Amino acid sequence: MTEKTLIIVKPDGVQRHYVGEIISRFEKKGFKLVAAKFMRIPEETARKHYAVHEGKPFFEGVVKYISSSPSMVMVFQADGVIDMARKMMGATFGFTAEPGTIRGDFSCSKGYNLIHGSDSPESADFEIPIYFTPEELADYELSDEKWLYGKND
Ligand code: UDP
Ligand code: MG
C-alpha cells in the first residue's frame, strides 16, 4: 500500500550538516520525495505537532528544540514507507539507536536525535497537513517504479 510519511531533519541535523546525508539515504532506498520546505518551525506549530506529548516532562524542551533554528520538513512516499523510515531512523535516543541507522550513526544524545518520522498512518495523516496543503504534495510517477517494486508486468 502506498503511504506518505512526514520526515523532518530537525535543527541539530541542519546545524550539523546532515540534510544531504539524510535525504540521500531515503533517496537511495527508493522513496519518492513529494514535498519539501526549509523553515524555522514556529513554536505554536511545534506544540501542535507534539500535542500527543503534552504534559510529559520533555514536552517544553522538545518544543523549544524544534523551534530553535531552521528544519528541513519533507514528505516521502513509498509502499510501506512509514515503518521503513522508522527503521532507518533508529530508536528514539541516539545513545541506544543501532549503528547503521541515522540516529545510531550520527547522534549520541537523548533528545537531540536529528530526525522526526511519522510513527503510524494516523500520525502521518495528522502531521502532514500541519506543514503542507494538499496542493503542495507533488503527484507524479517515478520512472523506475517497476524496478523498485519488481512490477514488471
Ligand atoms: N524526547 C526527549 N526526551 C524524551 C523523549 C523524547 O527529548 O525522554 C524528544 C526527542 O527529540 C524525540 C521527541 O521528543 O524525538 C518525540 O518523542 P517520541 O517519543 O515521539 O520519539 P520519536 O517518535 O521521535 O522516536
Ligand atoms: Mg514520535
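All values reported here derive from a predicted model rather than from experimental measurement.
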* Asked: Do His116 and Leu6 touch side chain to side chain, with heavy atoms closer than 4.5 Å?
  -> yes
* Is a salt bridge present between Lys32 and Glu141, judged by a nitrogen-to-oxygen distance below 4.0 Å? -> no
* Asked: Under 30°, 30 to 60°, or over 60°: which ring-plane class applies to Tyr131 and His49, parallel, tilted or perpendicular?
  -> perpendicular
* Asked: Quick one: do Glu43 and Lys64 make a salt bridge, cutoff under 4.0 Å?
  -> no
* May I ask you to say whether Arg25 pairs ionically with Glu21, meaning some side-chain N is under 4.0 Å from a carboxylate O? => yes
* Please check if the side chain of Ser71 supplies one atom and the backbone of Val73 the other of a donor-acceptor pair under 3.5 Å. => no
* To do: Would you indicate whether Glu98, at its atom CD, is surrounded by more than 12 heavy atoms from other residues, nucleotides or ligands within a distance under 6.0 Å?
  => no
* To do: Using a 4.5 Å cut-off on heavy atoms from C-beta on, say whether the side chain of Tyr149 contacts that of Asp79.
  => yes
* Identify the heavy atoms of Tyr65 and Lys10 that sit nearest to each other, and give their distance. => OH-CD, 3.2 Å
* Should we say atom NZ of Lys29 is surrounded by more than 12 heavy atoms from elsewhere, each under 6.0 Å from it? -> no
* Thr92 side chain near Asn113 side chain, heavy-atom distance below 4.5 Å -> yes
* Is Met88 close to Phe26 at the side-chain level, that is, under 4.5 Å between some pair of heavy atoms? -> yes
* Do NZ/NE/NH1/NH2 and the carboxylate oxygens of Arg47 and Glu60 come within less than 4.0 Å? -> yes
* Asked: Does Arg103 use its side chain to pair, donor to acceptor, with the backbone of Ala97 at less than 3.5 Å?
  -> no
* Which residue, Arg86, Glu127, Lys4, forms the side-chain hydrogen bond (donor to acceptor under 3.5 Å, both in side chains) with Ser118? -> Glu127
